[in-house]
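Both ligands and their constituent atoms are indexed starting at 1 by order of listing. Computed over heavy atoms, backbone and side chain alike; hydrogens, waters and symmetry mates excluded. On a predicted model such as this, the values are computed, not experimentally measured, just so you know.
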Amino acid sequence: MGYVDEVIESVIEKTPAEPEFHQALKEVLESIRPVVEANEELYRREAILERITEPDRQIRFRVPWVDDKGQAHVNRGFRIQFNNAIGPYKGGIRLHPSVNLGIIKFLGFEQIFKNSLTGLPIGGGKGGSDFDPKGKSDREIMAFCQSFMNELYKYIGADTDVPAGDIGTGAREIGYMYGQYKKITGLYEGVLTGKGLSYGGSLARTEATGYGLLYLTNEMLKCNGKDLKGKTVVVSGAGNVATYAIEKAIQLGAKPVTCSDSTGWVYDPDGIDLAALKEIKEVKRARLTEYKNYRPNAEYHDGKGVWTVKCDVALPCATQNELDLEDAKALVANGCFAVAEGANMPTTLEATKYLQENGVLFAPGKAANAGGVATSALEMSQNSERLSWTFEEVDAKLQSIMVNLFHNLDDAARRYGKEGDYVVGANIAGFEKVVNAMLAQGIC
Ligand code: NDP
Ligand code: 2IT
């Protein structure tokens with residue numbers, strides 16, 4: 001058995017309850033097979049694959065908090081510091097009832113390669129909790145965030161580990177966590193990103209993941225003789241990534257016609273009304289059922305369904321495994337020619353294979369959604385130099401990062417005879433930098 005297969009088998013055996021981690025592991029390790037085969041003796045001697053698949057540390061803790069009625073609750077908190085070969089651990093905090101160790105681990109593992117692809121000095125980490133922010137008052141959110149930080153503060157710092165937002169963690173949660181970190185440690189430092197603008201946040205960080213997704217998609221289309229102008233785009237999700245993907249798609253002349261949340265989805269044949277979406281989700285924190293009050297011509301459907309809408313480009317921006325083989329078949333049958341992942345691992349392995357085999361341009365999340373963490377790294381730079389850059393400066397840097405990133409993975413795919421396979425290209429390009437740093441730093 002080859003080195004790659006041996007490691008996949010042994011990791012799965014040691015972590016039987018972590019299916020999402022196994023999925024990410026297989027995608028990455030199978031993609032980098034040609035690099036591993038070309039360096040097998042060295043990598044085996046240095047235990048590169050065993051080391052890169054085992055987190056530096058996994059922290060799990062109790063998060064007790066009290067609700068508005070005086071009832072105490074306990075949630076589980078996680079932080080996985082996966083790999084810091086190229087910089088301090090960096091990655092978001094997910095607050096969602098589905099969170100468990102395997103989910104945080106897949107996200108942390110993906111983050112290693114994503115962060116490497118940005119070209120910036122950030123290692124891979126991820127955290128979260130099974131806390132459900134839905135329906136909670138601001139005071140309850142604050143109580144949870146403070147309790148979460150009462151434990152997390154021991155392990156993070158501006159030069160050690162810098163968390164940020166993810167599902168369920170936005171500006172409000174980052175604010176409460178930052179306040180508590182400052183209160184406990186007395187430090188005013190860039191320990192979190194996605195902060196508010198009045199206390200060290202970066203302009204354009206809110207928009208960065210969605211905008212970056214469109215910058216990369218645009219470059220991928222351009223390099224394949226296509227264009228976004230006038231194209232119909234289907235988007236899933238209605239959170240941070242989806243909203244700013246829709247905004248940039250409109251700015252680039254495309255027509256996004258769908259969005260979704262965990263209860264249902266909207267089809268607006270005239271194009272999504274961005275102001276309505278922002279008011280419903282960012283201001284009211286309400287459900288998408290309200291969208292029809294703003295746009296009587298739009299359709300609202302319960303459940304899942306955006307991938308059945310005829311489109312040119314599909315942008316999954318909600319959560320993992322939201323686009324399966326059946327969805328991929330529907331997209332291909334309807335003439336979709338490009339899929340770019342705004343979410344982390346939204347497409348199942350079978351669906352990805354089907355899309356690629358049917359000639360659909362496919363940009364994997366670790367490349368396509370890297371604009372968020374890249375802009376977080378720009379926020380870290382601004383905090384270090386105690387300056388803040390203009391929106392235009394940050395946005396211009398984000399654009400050039402996404403364009404370079406696309407060419408790096410395109411080149412990596414070509415170098416290994418896999419032209420146009422951006423999954424292989426992203427994994428190889430991300431892996432090479434991390435491995436070079438690991439080899440240079442010795443066994444640690
Ligand atoms: P938000 O919490 O802002 O929004 C998430 C959206 O996805 C909501 O509309 C939510 O619906 C929906 N959603 C979440 N979980 C589920 C589920 N299990 N089933 C159906 N719908 C679901 O999160 P973000 O927009 O920040 O994150 C979206 C994705 O993008 C995630 O995969 C995240 O890891 C990834 N990502 C985020 C980055 C960032 O900077 N924020 C950077 C890179 C990747 P509802 O509100 O009803 O739950
Ligand atoms: O998945 C991701 O890249 C994020 N949630 C953003 C992480 C960050 O540190 O900005």
Side-chain angles (χ1 to χ4, degrees), residues 20 87-99 103-104 106-115 117-118 120 122-128 132-135 156 161-174 190-195 201-202 204-213 235-246 259-266 277 280-282 285-289 303-306 315-323 341-347 364-380 398:
E20 292 85 2
Y89 307 107
K90 181 86 198 83
I93 291 174
R94 177 173 293 192
L95 302 182
H96 193 272
S98 63
V99 162
I103 288 188
I104 299 301
F106 111 67
L107 290 162
F109 186 63
E110 287 281 290
Q111 202 82 43
I112 304 172
F113 308 101
K114 181 197 303 193
N115 293 3
L117 283 171
T118 65
L120 300 168
I122 39 179
K126 197 84 186 189
D132 186 358
K134 269 196 208 85
I156 61 176
D161 182 356
V162 183
D166 193 77
I167 291 177
T169 306
R172 174 181 58 171
E173 292 73 20
I174 292 292
V191 66
L192 293 164
T193 59
K195 300 185 291 300
S202 173
R205 174 61 188 91
T206 304
E207 295 83 355
T209 311
Y211 278 23
L213 172 65
V235 177
S236 65
N240 174 265
V241 180
T243 301
Y244 293 94
I246 289 172
C259 59
S260 66
D261 63 16
S262 51
T263 37
W265 58 285
V266 161
L277 176 63
I280 295 166
K281 286 295 174 184
E282 294 182 350
R285 296 182 187 274
R287 313 308 302 159
L288 276 180
T289 37
K304 176 184 159 172
V306 296
L315 304 175
C317 297
T319 194
Q320 65 276 356
N321 293 328
E322 54 164 317
L323 198 168
E341 297 184 318
N344 285 307
M345 209 170 74
T347 315
K366 63 171 70 67
N369 70 38
V373 76
T375 307
S376 278
L378 301 179
E379 183 172 328
M380 291 164 72
L398 170 63

- Task: Heavy-atom distances under 4.0 Å are what count here, so tell me which part of R205 touches ligand 2: side chain, backbone, both or neither.
- Result: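 Side chain only.
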Using a heavy-atom cut-off of under 4.0 Å, does the side chain or the backbone of [X] touch ligand 1, or both, or neither?
X	answer
R287	side chain
S260	backbone
C317	backbone

Looking at [atom], what's its closest protein heavy atom, distance included?
atom	result
atom 9 (O) of ligand 2	K90 NZ, 2.7 Å
atom 25 (O) of ligand 1	V241 N, 2.9 Å
atom 3 (O) of ligand 1	N240 N, 2.9 Å
atom 10 (O) of ligand 2	S376 OG, 2.5 Å

- Task: First locate atom CD1 of I103, then atom CD1 of I167, and finally report the distance between them rounded to the nearest 0.5 Å.
- Result: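 The CD1 atom of I103 sits 9.0 Å away from the CD1 atom of I167.
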- Query: When rounded to the nearest 0.5 angstrom, what distance separates CG in L192 from CD1 in I174?
  - Reply: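 If I round to the nearest 0.5 Å, the distance is 5.0 Å.
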- Give the minimum heavy-atom separation between C259 and G237, together with the two atoms involved.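 Heavy-atom minimum between the residues: CB-O, 3.3 Å.
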- Item | Numbered atoms and elements of ligand 1 in range of K134, under 4.0 angstrom, heavy atoms |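 Those of ligand 1 that fall under 4.0 Å from K134 are 45 (P), 46 (O), 47 (O), 48 (O).
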Any donor-acceptor pair under 3.5 Å from [X] side chain to [Y] backbone:
X	Y	result
N115	K90	yes
N369	G342	yes
N240	T243	no
E173	G165	no
T209	G371	no

- Message: Below the 3.5 angstrom mark, is there an N/O of G165, backbone or side chain, next to an N/O of ligand 2?
- Response: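 Min N/O separation from ligand 2 is below 3.5 Å for G165.
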- Is the closest N or O pair between N344 and ligand 2 shorter than 3.5 Å?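 Yes; at least one N/O pair falls below 3.5 Å.
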Nearest heavy atom to [atom] wins, so pick from [options].
atom	options	result
atom 9 (O) of ligand 1	G128, G92, A238	A238
atom 2 (O) of ligand 1	G239, G168, S236	G168
atom 8 (C) of ligand 2	A370, A164, G125	A164

- For R205 and ligand 1, answer yes if some heavy atom of the residue is under 4.0 Å from a ligand atom, otherwise no.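 Contact present.
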- Message: Is R94 close enough to touch ligand 1? Criterion: a residue heavy atom under 4.0 Å from a ligand atom.
- Response: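 The answer is yes, since R94 has a heavy atom less than 4.0 Å from ligand 1.
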Looking only at distances, please establish whether an N/O atom of ligand 1 is found under 3.5 Å from an N/O atom of [X].
X	value
S262	yes
T263	no
Q320	no
N369	no
K114	no
A242	no

- Message: Out of the candidates K114, K366, Q111, only one should pair with N344 under the side-chain hydrogen bond (donor to acceptor under 3.5 Å, both in side chains) rule; please name it.
- Response: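 Output: one option passes, namely K114.
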- Task: Say whether S236 and K304, considering side chains only, have a donor N or O and an acceptor N or O under 3.5 Å apart.
- Result: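 S236 vs K304: no donor-acceptor pair found between side chains.
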- Any side-chain donor paired with an acceptor under 3.5 Å for R94 and T169?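 No, no side-chain donor-acceptor pair sits under 3.5 Å.
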- Message: Tell me whether R94 reaches ligand 2 (any heavy atom closer than 4.0 angstrom to a ligand atom).
- Response: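 Per 4.0 Å heavy-atom rule, R94 does not contact ligand 2.
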- Task: Give a yes/no verdict on whether any heavy atom in K126 is under 4.0 Å from an atom of ligand 2.
- Result: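 Yes, K126 has a heavy atom closer than 4.0 Å to ligand 2.
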- Item | Distance filter under 4.0 Å to G92 heavy atoms, resulting ligand 2 atoms |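 Once the distances to G92 are compared, the set is 7 (C).
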- Where ligand 2 meets K114 - atom numbers and elements under 4.0 angstrom, heavy-atom basis: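 Those qualifying, in numeric order: 1 (O), 2 (C), 3 (O).
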- Message: Between E110 and E20, is there a side-chain heavy-atom distance shorter than 4.5 Å?
- Response: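 No; the side chains remain at least 4.5 Å from each other.
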- Task: Could you go through the side chain to side chain contact (heavy atoms under 4.5 Å, CB included) check for C317 and L213 one step at a time?
- Result: CA-CA 10 Å; C317 297; L213 172 65; 3.7 Å; yes
- So, for atom 29 (C) of ligand 1, does the protein have a heavy atom nearer than 4.0 Å?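 Yes.
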